[in-house]
Every structure is written in C-alpha cells, then in structure tokens.
Amino acid sequence: MLRIAATVCLAGLSIAATAGTASADDTTLTSHRLIAGLARPVYVCAAPGDSDRIFVVEQRSGSTGRIRIFDLTTNSLLSTPFLSLSVSTSSEQGLLGMAFHPDYNTNGYFFVNYTDPSGTTVVERYEVNAGNPNLANPNSDETVLKISQNASNHNGGCIQFGPDGYLYIGTGDGGGAGDTGNRAQDITNQLLGKMLRVDIDGDDFPSDEDKNYAIPSDNPFVGTTGDDEIHSYGWRNPWRFSFDRDTGDLYVADVGQNQWEEVCVLYPDDALGGNFGWRCYEGNHTYNTSGCPSSGTMIFPVHEFSHGGSPYRCSITGGHVYRGDAIPDLQGTYFFADYCSNQIWTFRWDGGGGITDLQDRTSELSPDAGAIGAISSFGEDADGNIYVCDNNGEVFVVRADLPVGACCVGTSCVSITQANCDGGGGDYQGDFVACTPDLCIPAPDNDDCDSAEVIVSGITEYTTSYATDSSYSDCSIGADVWMQYTAECSGAMLISIHGDLFDEVTAIYAGCPGGSGEALGCGESSYIVACTAGSDYLIRIGSADGNTGSGTVSVNCIPSTTCDGDCNGDGEVNVDDILEMLGQFGSGGDCDTNGDGIIDVDDLLAQISNWGPC
C-alpha cells in the first residue's frame, strides 16, 4: 500500500547558507500587532466563510485552555471565551489545536485537540451555542479519540480537515528523547508518531465511547497489517501542518531531535502509507537505523535546516501557504519559522523535486508594535491572511507594507502612509514623495493662470518662491507665477521682466492657455505687443534652470500715433487728408472725426485744428 512515486519530499538546503531576502519585484511585507495580553496563543483559525472573526487558541492559563474570539470588524477581543477546558500543565501540554467542520455553518461542529489533566491526548467535538455564535456549548462534548502518552512532550496537537473532508490528526512519538521505543516506526497498535486520518461523520465503533469516527476505506492499512487510522508514519512531532487551500497539498513541519528541522510537502492521497523516516533519520541524516527498513522506502523532506547558528535555531514552527487576495505576488508562498531564533522564512514548492524562492522574512516582518518572539504557530483567516502567534501573548497579522509619502500638516512635512495622513487631517502628496524643506509651504496666490495677480501700468514686484509648475506645453517655464494686465489704451504694450539673481523665462498670453488664450510670445525678457484698450493680457514668469526667485515687471501702454483728421493714418494732417475728406463729404468714412456717421463742416473744422504732425 506504500505509494511514494508522486510524493516529492527531497533533500533540502541549510537555511543559514541559502536564504535570501525579498527581491525588488516582490511586495514588501510588514506585520501588525493585532492582539496582546493573551495566555500562550498557539493557533489562529476562522470558521468557514466567516471574514469577521478569528478564533485564537490559548494553550493554557494555569490549568485552563481557552478559545478566544477576536472581532475583525471592531478590532476587539471578546472578553468571554468561546470555550474553556481543563488541561494538563507541562510545557508542551494544554489546548493545542482546533478545526471547524467543513459544514460548520450547517451543523455547528468544531473539534479540539488537548491534553487532559492526566496527560492523555483527547480529540473532542463540540457544538456552537444555538443562541449565540460567540459561545460554544460546553456540554456538547463528544470524544472522537483518546491516545495515552508516554511522556509530557511530543504531543503533536494539530488537527486539520483535508480537501477530502476527513480529519487529519498529527501525533508525536510519545516524548522523551530519541524515540527509544521506536513508536514512530511501529504501525501496529501504535498511533504515536503518525498522521491519522478519520471520518468524523461516521462511527465504526458504536460500543466504544472513546472512539467516535469511521475509517476511510482507502486508508493504507485497512485490511492489512497496521492500524486502520494511520495515513502515514515516521513522524517525530508534526506540531504544525496545513493544507494549501488551492491545491490540497499537505505541508508538514516536523520538529527535529537535536540537529535538523524539516518540512515535507505531499499530495495526501499519494502519501498514503508513507514512511517519513523518524527515528531512522532526522531530516536527511541518519539518526538511529537499528531495525529500520531501507532508506529507499522512506520519504525525505523538501527542506531542512540545522540547529545552531546566530541567532540560535532549535525547533521548527510550520505555517500556511498564502492564498489571500490582498498580496497577489505572495500567492503560493509557504511561511514557517524557528521557535528559538524567532526567524521567519518563506519558500514556494515547485510541485516537483524541491523548493524555490527561499527568503528570510525576519527583518521585513518586524512589527509596528511589540516584538515577534517564541513563534508558536501560524494561522489564517477566512480570507487567507496569515497570522503569527507569539507564545508570549501576542498575535500579529502579515500585511503588505503600505507605501509612505509626504504628508503636509500645515507647513510641516512627515513621511507616513496615506491612511495615517488622511486620518490625521493632513494633505497627502503621493506615494514615495519625499519631504523637502519647502514642500508644505503654500504656493503663492498667483500660482495659477486663473488666480493671476492684477497689475497696472508701472513697475510691479513678483516672487516665484514656492510656486508650482503650470505644465503648459507651449512654453516650458517650470515653477511659475501669473500676472494680469488690462490694457489702458489701444496701441502697444511695452513689457519688461527682470529677475534678481535668477534666470527668468517668461511668456505672454491673450488668455489662459488651453482655453481662448494662445502664447503671443515666449522665452523673452521684453516684449512689444499690440493691444486693445480694455482687453486682458497675461504674463507668466518662471525659470530656465528650475530655481525660483524674485524680480520686477514693468508694463507701459503706448497709444497709437494717429489723430482726428489724419484720414490716411500717416501721422500728419495735411492737404492729402483735406482732399480725402472732401471726397467723403456728406457720407461716412475714415475722416469722420466725431463718429456721427456723416462727414460735414464739424469734421473739417476738427481736421484743420489738428493741422500738422499728430
């Protein structure tokens, strides 16, 4: 019944030598402390489809293990535990695992794994309170399975429902050191050191109140030598394992003895009856092969790391494959850690012979509050977000590290996220925009064409300090200010712009660019522009080299040189103009000096009065 051809657990690599850091193309991660003040949190999970709550397993407080609910919508830990149990109190004992029935929303069933006051491993089923979804019914307990333990350590404790709907139960080798009883290799009347698989919707043992489950018909030792509950064996202490919610692949982090920690990845069906090596091998390395079968019959890890180093590594903590939507480029990434060194790594399984993209995430996941230490477990919520449990009482959630940018609060600038800026009433300048000394200084009032400063003939001072770029493509000027002059005559405007200690660049418009206005001139420091009395003209002042500065604008309006009676417009009233007027006499024309529409004696008299140069 041993099938290992499609199970890919191959030799791994030493983390100390190979782990990289996140590449520039990856989303940078961070962690946020969600909960503090817990009693030895060892697991986080969620009910199927429930995105509003997470359930936190507290190993024990004194002799009480508890399940707590954290409301994600209010960011609050509910004061009343969901469930409390009496547990044993040695270091590795207590309330250790929890799993919701796949049909929880219909039947309200959930399961726990704990060591009772006598030290016996107990897997029990409970029901949610019919009138309150935030409370379990403490009197609804039904034993699924009990396993006597030889020692207080190596209790396993993880339980998970697989994609096949069966409950998987990880058991340690019975404790002590070195599995001197070789229990992990013993498949007859020995459930320690195993991965068990049972059908909790049936009961093949109706006369045994401590065994309330059925045996899946395809379990590997059904009808042959070996315990029917066994899925696979040769496990030392599979403290944390999980299923990839997309592919169904099973990731098992098996805690080592004193030299090697390991991760195996397997297709559950193709590992039926698989021997994962302990106590014959620790990771890929010989431990005690006395009485062991050939290594060719065993399945070895996809990844291992050694004890030692700085910080000191000693005990693996398995996690989950990220399948959330919030960080798309993290898809398919498996998280795991070391309990002693507080290091966190990720990798991707290549689906064949090994792993890719091994990364040390420890620094990246440095939290916004508290410190991640004594990593007891990972967890995930209904949306696939990853959580980290710190046995010192904290739970953290892994998030994308939101970009920061310049945030103006008055005239002060700070680099923070947009959410924090908006929440504090600031003006966010954009992601990755850096604070500069003058970034938050308000632009001058005449920074835009629509708010141009109104000026009159004469000399006017200006400054472009703190101005912004109007970005009109017709003239490239940079940071600029605007002035508006209403022509006081018809004739010619004389405009001169001077910059003090900076190289000014200017343009003249008959209206705002992009509307009715077009540039009448660009790039000069002085202009002569024909004008019509009462019309508006705009002067735009910036800099060629990006600097800002101050200076003056001088505007004068020179009327045209014609006068009444100068019919031909040559600037002089003479005989030619009299002859032209006489030719228009009695009708309208250019010689109508008073604008009454008829050239008559009044126009002739006005002409004679202007005799000579205008």
Side-chain angles (χ1 to χ4, degrees), residues 405-408 410-413 427-558:
C407 175
C408 291
T411 58
S412 300
C413 185
D427 183 11
Y428 193 64
Q429 305 299 301
D431 293 345
F432 309 113
V433 173
C435 284
T436 59
D438 58 358
L439 181 65
C440 298
I441 304 298
D445 292 339
N446 60 337
D447 190 50
D448 296 315
C449 180
D450 292 336
S451 59
E453 177 185 355
V454 176
I455 63 173
V456 296
S457 294
I459 297 175
T460 303
E461 295 182 346
Y462 71 85
T463 177
T464 64
S465 296
Y466 309 117
T468 61
D469 188 350
S470 298
S471 300
Y472 294 118
S473 59
D474 57 346
C475 294
S476 180
I477 288 180
D480 50 32
V481 293
W482 295 76
M483 296 185 172
Q484 177 183 303
Y485 172 72
T486 302
E488 297 165 344
C489 71
S490 294
M493 290 187 299
L494 303 182
I495 304 172
S496 178
I497 301 102
H498 173 70
D500 297 329
L501 302 179
F502 88 108
D503 187 10
E504 80 284 348
V505 176
T506 66
I508 307 297
Y509 298 86
C512 286
S516 61
E518 296 181 357
L520 304 175
C522 183
E524 306 295 335
S525 60
S526 61
Y527 302 87
I528 299 176
V529 179
C531 62
T532 301
S535 296
D536 294 332
Y537 299 88
L538 289 149
I539 305 167
R540 178 183 172 200
I541 307 171
S543 171
D545 56 11
N547 292 325
T548 60
S550 58
T552 58
V553 177
S554 174
V555 181
N556 289 288
C557 190
I558 308 299

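This one's a predicted model, so the numbers in the text were calculated from it and none came from an experiment. Sequence positions, counted from 1, serve as the residue numbers for this chain.
- Thr506 places none of its side-chain heavy atoms less than 4.5 Å from the side chain of Ile495.
- Aromatic ring centroids of Trp482 and Tyr462 lie 6.0 Å or more apart.
- Side-chain contact between Leu538 and Met483: absent, with no pair of heavy atoms (C-beta onward) separated by less than 4.5 Å.
- Rounded to the nearest 0.5 angstrom, Ser451 OG and Asn446 CG are separated by 6.5 Å.
- In this structure, CG in Asp469 is found 11.0 Å from OG in Ser543, a value given to the nearest 0.5 Å.
- If you check the side chains of Tyr527 and Ser496, you find no donor sitting under 3.5 Å from an acceptor.
- Looking at every heavy atom in both residues, Gly551 comes nearest to Asp500 through CA-OD2, 3.7 Å.
- Here the rule is side chain to side chain donor-acceptor pair (under 3.5 Å) with Thr468, and of Asp448, Asp447, Asp480 only Asp447 fits it.
- Between Thr464 and Ile541, the closest heavy-atom pair is CG2-O, 3.8 Å.
- When the shell of 6.0 Å around CD1 of Ile441 is examined, it contains more than 12 heavy atoms from other residues, nucleotides or ligands.
- Annotation for Ala467 and Ala479: closest pair O-CB, 3.4 Å, computed over non-hydrogen atoms.
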Report the C-alpha separation of Val456 and Glu488 in whole Å, then their side-chain angles, then the decisive distance to 0.1 Å, and conclude whether the side chain to side chain contact (heavy atoms under 4.5 Å, CB included) test is met. CA-CA 8 Å; Val456 296; Glu488 297 165 344; 3.8 Å; yes
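- Side-chain atoms of Asp536 and Thr486 include a donor-acceptor pair closer than 3.5 Å.
- With values rounded to the nearest 0.5 angstrom, Glu461 atom CD is found 10.0 Å from Glu453 atom CD.
- For the atom pair CG (Asp503) and CG (Asn547), the distance works out to 9.0 Å, reported to the nearest 0.5 Å.
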Does Ser465 form a side chain to side chain contact (heavy atoms under 4.5 Å, CB included) with Ser550? I'd like the steps, not just the answer. CA-CA 8 Å; Ser465 296; Ser550 58; over 6 Å; no
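- Distance alone, capped at 3.5 Å, is enough to place a donor-acceptor pair between the Arg540 side chain and the Cys475 backbone.
- Remark: Gln484 CD to Ile455 CD1 distance equals 9.5 Å, nearest 0.5 Å.
- Taking CG of Asp438 as the reference point, atom OG1 of Thr548 lies at 7.5 Å (rounded to 0.5 Å).
- Listed for the Ser470 side chain is no donor-acceptor partner under 3.5 Å among the backbone atoms of Tyr472.
- Listed here is the closest heavy atom pair of Cys512 and Asp450: SG-OD1, 3.5 Å.
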Please test Cys413 against Cys407 for disulfide (SG to SG under 2.5 Å), starting from the C-alpha separation and ending with a verdict. CA-CA 5 Å; Cys413 185; Cys407 175; over 6 Å; no
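- Closest approach of Ala487 to Tyr537, counting heavy atoms only: CB-CE1, 3.9 Å.
- Using a distance-only test at 3.5 Å, with no hydrogens or angles considered, a donor-acceptor pair links the side chain of Glu504 to the main chain of Gly499.
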Passes side chain to side chain contact (heavy atoms under 4.5 Å, CB included), Tyr485 versus Cys557? Steps please. CA-CA 10 Å; Tyr485 172 72; Cys557 190; 3.4 Å; yes
From CA spacing to verdict: side chain to side chain contact (heavy atoms under 4.5 Å, CB included), Met493, Asn556: CA-CA 6 Å; Met493 290 187 299; Asn556 289 288; over 6 Å; no
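- Annotation for Ile459: atom CD1 does not count as buried by contact number, only 12 or fewer foreign heavy atoms lying within 6.0 Å.
- When all heavy atoms of Gln429 and Cys408 are compared, the pair lying nearest together is NE2-SG, 3.6 Å.
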